[in-house]
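When a ligand or atom number is given, it counts from 1 through the structure's own listing order. Hydrogens, waters and symmetry mates are skipped; everything else that's a heavy atom, side chains included, is used.
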Amino acid sequence: MSGPRPVVLSGPSGAGKSTLLKRLMKDYEGVFGFSVSHTTRNPRPGEEDGKGLNCLPMLLGATLLPVADVLTSESSEDYHFVTREKMQEGIDNEDFIENAEFSGNMYGTSKSSIEDVQAQNLICILDVDIQGVKNIKKTDLNPIYISIQPPSLEILEKRLRDRQTETEESLQKRLEAARIDMELSKEPGVFDLIIINDDLEEAYELLKSALMEEIQKVQDANE
Ligand SMILES: Nc1nc2c(ncn2[C@@H]2O[C@H](COP(=O)(O)OP(=O)(O)O)[C@@H](O)[C@H]2O)c(=O)[nH]1
Ligand SMILES: Nc1ncnc2c1ncn2[C@@H]1O[C@H](COP(=O)(O)OP(=O)(O)O)[C@@H](O)[C@H]1O
């Protein structure tokens, strides 16, 4: 049985992936499920371990968090926060379909994070860097590949600074990675669609239209 096609969202850190994703998942409840990655980076304020929007009911049931706290959480796409040792153990164990080093930390998509979403017949969304894109292309996942790009490196830097999540060092590493991402993403055939996130509304409309066929499939199946 084949469910809806997964979606890989990529693009430089600070390009607006989480912002667009958060909105999409809110507007289409019960259609998308986020593949919660593992990372060795430290959680940001407001981020919680292993929490994805697709886990919302479970989370509410299990820990009785006040609904308002969960819904106002800054982040719609948190991680399983792990040590390097734990992460390496998982990689050695072949638990991951891809993993990469980004800005001095390890990130990876576990097989179970995708399976958990696909078991519910939801569109599985993966947020991965360009190395992740290249490695997922070697698997049989067959997702739709979408790159979210900033209008310019200068605007990206401003957005990252305004977000106030990075130290100067991690900001510089992200900008360096962004330069590489912006170059590699131009290669023909890497992405099915590249969206320049200048005006947020326009970017969101483009993203929504690109996914409408898959959204429709899930909605039809649930009727
Ligand atoms: N390859 C890979 N990249 C990931 C994964 N999870 C997140 N990333 C990427 O890691 C980068 C840094 O993510 P994060 O630390 O959350 O910072 P942010 O994107 O600036 O919010 C981003 O480019 C993400 O797309 C993953 O599981 N695999
Ligand atoms: N179109 C836009 N115009 C202005 N600011 C934006 C736009 N899209 C996103 N932002 C802001 O830029 C910052 C980075 O966006 P975010 O979604 O965290 O990026 P990513 O998930 O790709 O790292 C956030 O503070 C967000 O509010």
- Would you tell me whether Q172 and E168 have side-chain atoms, one donor and one acceptor, within less than 3.5 Å of each other? yes

- For atom 15 (O) of ligand 1, state which one of F102, Y107, Y79 supplies the nearest heavy atom. Y107

- Purely on distance, is any nitrogen or oxygen of D129 under 3.5 Å from one on ligand 1? yes

- Item | Distance-only side-chain donor-acceptor flag, Q120 / D116, under 3.5 Å | no

- Qualifying residue for side-chain contact (heavy atoms from CB on, under 4.5 Å) with Y145, from I136, L193, V190: I136

- Any idea which atoms of ligand 1 are less than 4.0 Å away from a heavy-atom of A100? 1 (N)

- At a non-hydrogen distance cut-off of under 4.0 Å, which region of D198 contacts ligand 2 (side chain, backbone, both, or neither)? backbone

- Query: What part of Q131 sits under 4.0 Å from ligand 1 if we count only heavy atoms: the side chain, the backbone, both or neither?
  - Reply: neither

- Proximity flag S18 to ligand 1, non-hydrogen atoms under 4.0 Å: no

- Message: Which of the numbered atoms in ligand 1 are under 4.0 angstrom from any heavy atom belonging to R41?
- Response: 14 (P), 15 (O), 16 (O)

- Heavy atoms only: which of G14, P151, P150 is nearest to atom 20 (P) of ligand 2? G14

- Message: Give the atom numbers and elements of ligand 1 that come within less than 4.0 Å of a heavy atom of G132.
- Response: 1 (N)

- Message: Could you tell me, atom by atom, which parts of ligand 1 come under 4.0 Å of a heavy atom of K17?
- Response: 25 (O)

- Min over R159, Q149, K22 of heavy-atom distance to atom 12 (O) of ligand 2 lands on R159

- Item | Proximity to ligand 1 by part of H38, non-hydrogen separation under 4.0 Å | neither

- Query: For ligand 1, which atoms, with element, lie under 4.0 Å from some heavy atom of R44?
  - Reply: 14 (P), 15 (O), 17 (O), 18 (P), 20 (O), 21 (O)

- Message: Between ligand 1 and R174, can you find any atom pair, the residue atom being a heavy atom, that is separated by under 4.0 Å?
- Response: yes

- Using a distance-only test with no angle check, is there a side-chain donor-acceptor pair under 3.5 angstrom linking T39 and R41? no

- Query: Does ligand 2 have any atom sitting under 4.0 Å from a heavy atom of D162?
  - Reply: no

- Task: Mark up the atoms of ligand 2 that fall under 4.0 Å of a heavy atom belonging to L200, in ascending order.
- Result: 1 (N), 8 (N)

- State the atoms of ligand 1, each with its element, that fall below the 4.0 Å cut-off from a heavy-atom position in D127. 4 (C), 5 (C), 6 (N), 7 (C), 8 (N), 24 (C), 25 (O)

- Item | Test: R161 and E157 ion pair at under 4.0 Å | yes

- Task: Compute the shortest N/O to N/O distance between S13 and ligand 1 and return yes if it is under 3.5 Å, no if not.
- Result: yes

- Message: Quick check on contacts: which atoms of ligand 2 are under 4.0 angstrom from a heavy atom of P12?
- Response: 22 (O)

- Note on the structure: Under 4.0 Å from one or more heavy atoms of S13, ligand 2 contributes atoms 23 (O)

- Note on the structure: The answer for which part of R163 has a heavy atom under 4.0 Å from ligand 1 is side chain

